[in-house]
Amino acid sequence: MQNLFIYNTLTRKKEAFKAIDPPHVGMYVCGPTVYSDVHLGNCRTFISFDLIFRYLTHLGYKVRYVRNITDAGHLEGDTDEGEDKISKKAKLAQLEPMEIVQKYTVDFHQIMEIFNVNPPSIEPTATGHIIEQIELVKVILEKGLAYEVNGSVYFDVEKYNQNHNYGILSNRNLEDMLNNTRNLGGQEEKHGKLDFALWIKAKPGHLMKWPSPWSIGFPGWHLECSAMSKKYLGEQFDIHGGGMDLAPTHHTNEIAQNEAACGKMPANYWVHTNMLTVNGQKMSKSLGNSFLPEELFSGNHSLLNKGYSAMTVKFFMLQAHYRSTLDFSNEALEASEKGFKRLMNAFAVAPNLKAASIGEIEIKPLQQKCYEAMNDDFNSPVLIAELFEMCRIVNSIHDKKLKIDQSNLETLQQTFQHFVLDILGLKDEYAASDELPKVLDFVINLRSEAKSNQDYTTSDKIRLGLQSIGYQLKDSKEGTSWEKI
Ligand code: AMP
Ligand code: ZN
């Protein structure tokens, strides 16, 4: 196993990764709230965790990757006040909340597929785990760290902090947190300023609600992740992740809930991705500066000069380390487009290179540098710089300026394959579109052969099969042609 170092938000340093039960790794990542389209910022976070998932898998770990879907309990403004984001949207659109959830979950999956992000091992929903959440509230109440007021249940932060460190994740002490928290209106039920809801009694007209021992209501947003991570990964697991914006509240409260219920820190490594920004400001739905992936692909946005392919956008994101901010600009995307084409051209050339009997280059040291980059807290920009060095070598061999022997050629081809396809999760969009006509011509020739042998069953099967996947064949005196239906 490689010596992998991960930056841990909890200890604020890079630590050698040690799985609790190798080769198994449990990883939980907070997923999207499915009340509107995911924007590119959200995509950056999920692409970053896909990189981590892919690399751990490549190293031989058996990763159970749990990424939830928030389909209840996330209120406007991320506080315990206001309307549920999904219910509000449903009312506006005159739809069932579950229609909203279904639409945006399907859309989210499609976008993830376009970015070639692998699905997680388990994708649990908040609404599917109401019982587990109620059970968790009961345990926290039994431990005396929560209280009920008028059918709602709140976590008692100050009492919890007497024996625990509430601000452990963001390295703040309770006094500073109390001093820096505004007293929000409508929170009179809470005993303390930092207390947060575990269960909220539904107001009249609230759409998504369930019976509980305290009231007909719904769980607080932070509770779902504590309940679902515990259910699928156990009381203690390896990695917990999400965007950096989740650390001060959502993850801080998640830790408090798990510690209160089980007496254990839920995850050993807390990993946070940095934000995608526009002119230095966090991309967010509420700030109105967000880009939808489709707008980027089509170029249909006032801040864009043109459209960019999904893999160009993904490559642009991977050229920054996940813990650095990444600012969105036309110039940066154009540079990434050139870089991505350079990488993929060399990638297409590499399998066809010919080995010489005596070579002039050793590839192993370069392969080792690729691993060193990823072992240093998944440093994808450094990895990409090493891959560009590999492109230079590929082009020199192709131009007959450099010789490589068979064993080094195999190492080069394998390194390219592993790091570009399996780990960065890039796809050769250009090659795929170039190859399609060749594949279709090949299939058309097979059909012509079947026809000339009077095997009409096979020839019809080919024609209908192509039709069913969107290609219409047309026979004429000149031969057979195809068109996309
Ligand atoms: P949400 O659907 O708002 O709950 O967000 C889903 C995930 O996207 C969370 O992990 C957020 O931290 C993350 N996220 C939100 N905005 C950005 C952004 N501008 N850049 C990177 N990640 C983000
Ligand atoms: Zn969460």
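Indexing begins at 1, ligand by ligand and atom by atom, following the structure's order. As the structure is a prediction and not an experimental result, all values here were calculated from the model.
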Task: Metal site angle (apex the Zn ion (ligand 2)), SG from C225 and SG from C30, 10 degrees - done: 130°
Task: Salt-bridge criterion met for E189 and K201 (N-O under 4.0 Å) - done: no
Open item on the list: Nearest 0.5 Å, please: how far is OH in Y104 from NZ in K85?
Closed with: 13.5 Å
Open item on the list: When you compare the side chain of F378 with that of S48, does any pair of heavy atoms fall below 4.5 Å?
Closed with: no
Open item on the list: Looking only at protein heavy atoms, which one is nearest to atom 2 (O) of ligand 1, and what is the separation?
Closed with: T33 N, 3.0 Å
Open item on the list: Under 4.0 Å from a heavy atom of K282: which atoms of ligand 1 are those, numbered in the order shown and with their elements?
Closed with: 16 (N), 19 (N)
Task: 4.5 Å side-chain heavy-atom contact, H206 and I200 - done: no
Task: Closest protein heavy atom to atom 9 (C) of ligand 1, given as residue, atom name and distance to 0.1 Å - done: L246 CD1, 3.9 Å
Open item on the list: Quick check on T273 - does any of its heavy atoms sit under 4.0 Å from an atom of ligand 1?
Closed with: no
Open item on the list: For ligand 1, which is the ligand I care about here, please tell me if F46 has any N or O atom under 3.5 Å from one of the ligand's N or O atoms.
Closed with: no
Task: Atom nearest to the Zn ion (ligand 2) - H250, N, O or S atoms considered - done: NE2
TODO: Provide, to 0.1 Å, the distance between atom 3 (O) of ligand 1 and the closest protein heavy atom, together with that atom's residue and name.
DONE: N42 ND2, 4.1 Å
TODO: Select one of side chain, backbone, both or neither to describe which atoms of N274 lie under 4.0 Å from any atom of ligand 1, heavy atoms only.
DONE: backbone
TODO: Report the part of D245 in contact with ligand 1, treating N, CA, C, O as backbone and CB onward as side chain, heavy atoms under 4.0 Å; options are side chain, backbone, both, neither.
DONE: side chain
TODO: Considering heavy atoms of the protein only, find what lies nearest to atom 17 (C) of ligand 1 and give residue, atom and distance to 0.1 Å.
DONE: M275 SD, 3.5 Å
TODO: Check whether any side-chain heavy atom of L304 lies under 4.5 Å from a side-chain heavy atom of N330, and answer yes or no.
DONE: yes
Open item on the list: Over 60° means perpendicular and under 30° means parallel, so tell me whether H191 and Y147 are parallel, tilted or perpendicular.
Closed with: parallel
Task: No-hydrogen, no-angle side-chain donor-acceptor test under 3.5 Å, Y269 and E15 - done: no
TODO: Look at atom 20 (N) of ligand 1 and say which protein heavy atom is nearest, naming residue and atom and giving the distance to 0.1 Å.
DONE: L276 N, 2.8 Å
- [ ] Specify the protein heavy atom at minimum distance from atom 19 (N) of ligand 1: its residue, its atom name, and the distance to 0.1 Å.
- [x] M283 O, 2.7 Å
Open item on the list: Counting non-hydrogen protein atoms only, what is the nearest one to atom 13 (C) of ligand 1? Give residue, atom name and distance.
Closed with: T45 OG1, 3.7 Å
TODO: Provide the number and element of each atom of ligand 1 under 4.0 Å from a heavy atom of H39.
DONE: 16 (N), 17 (C)
Open item on the list: Between the side chains of K138 and E135, is the shortest nitrogen-to-carboxylate-oxygen separation below 4.0 Å, so that they form an ion pair?
Closed with: yes
- [ ] Please find out if the Zn ion (ligand 2) and some N, O or S atom of H222 are separated by less than 2.8 Å.
- [x] no
Open item on the list: Can you tell me which portion of M244 lies within the under-4.0 Å heavy-atom range of ligand 1? Options are side chain, backbone, both, or neither.
Closed with: neither
TODO: Can you pull out the closest protein heavy atom to atom 21 (C) of ligand 1? Residue, atom name and distance to 0.1 Å, please.
DONE: G41 O, 3.0 Å
TODO: Answer yes if the side chains of S152 and N150 hold a donor-acceptor pair under 3.5 Å, and no otherwise.
DONE: no
Open item on the list: Are I52 and Y65 packed together at the side-chain level, in the sense that at least one heavy-atom pair is separated by less than 4.5 angstrom?
Closed with: no
TODO: For P32, take its heavy atoms, then give the atoms of ligand 1 lying under 4.0 Å from any of them.
DONE: 2 (O)
Open item on the list: Check the orientation of F315 and F340. Use parallel for under 30°, tilted for 30 to 60°, and perpendicular for over 60°.
Closed with: tilted
Open item on the list: We want to know whether Y232 and H129 form a side-chain donor-acceptor pair, criterion being a heavy-atom distance below 3.5 angstrom.
Closed with: yes
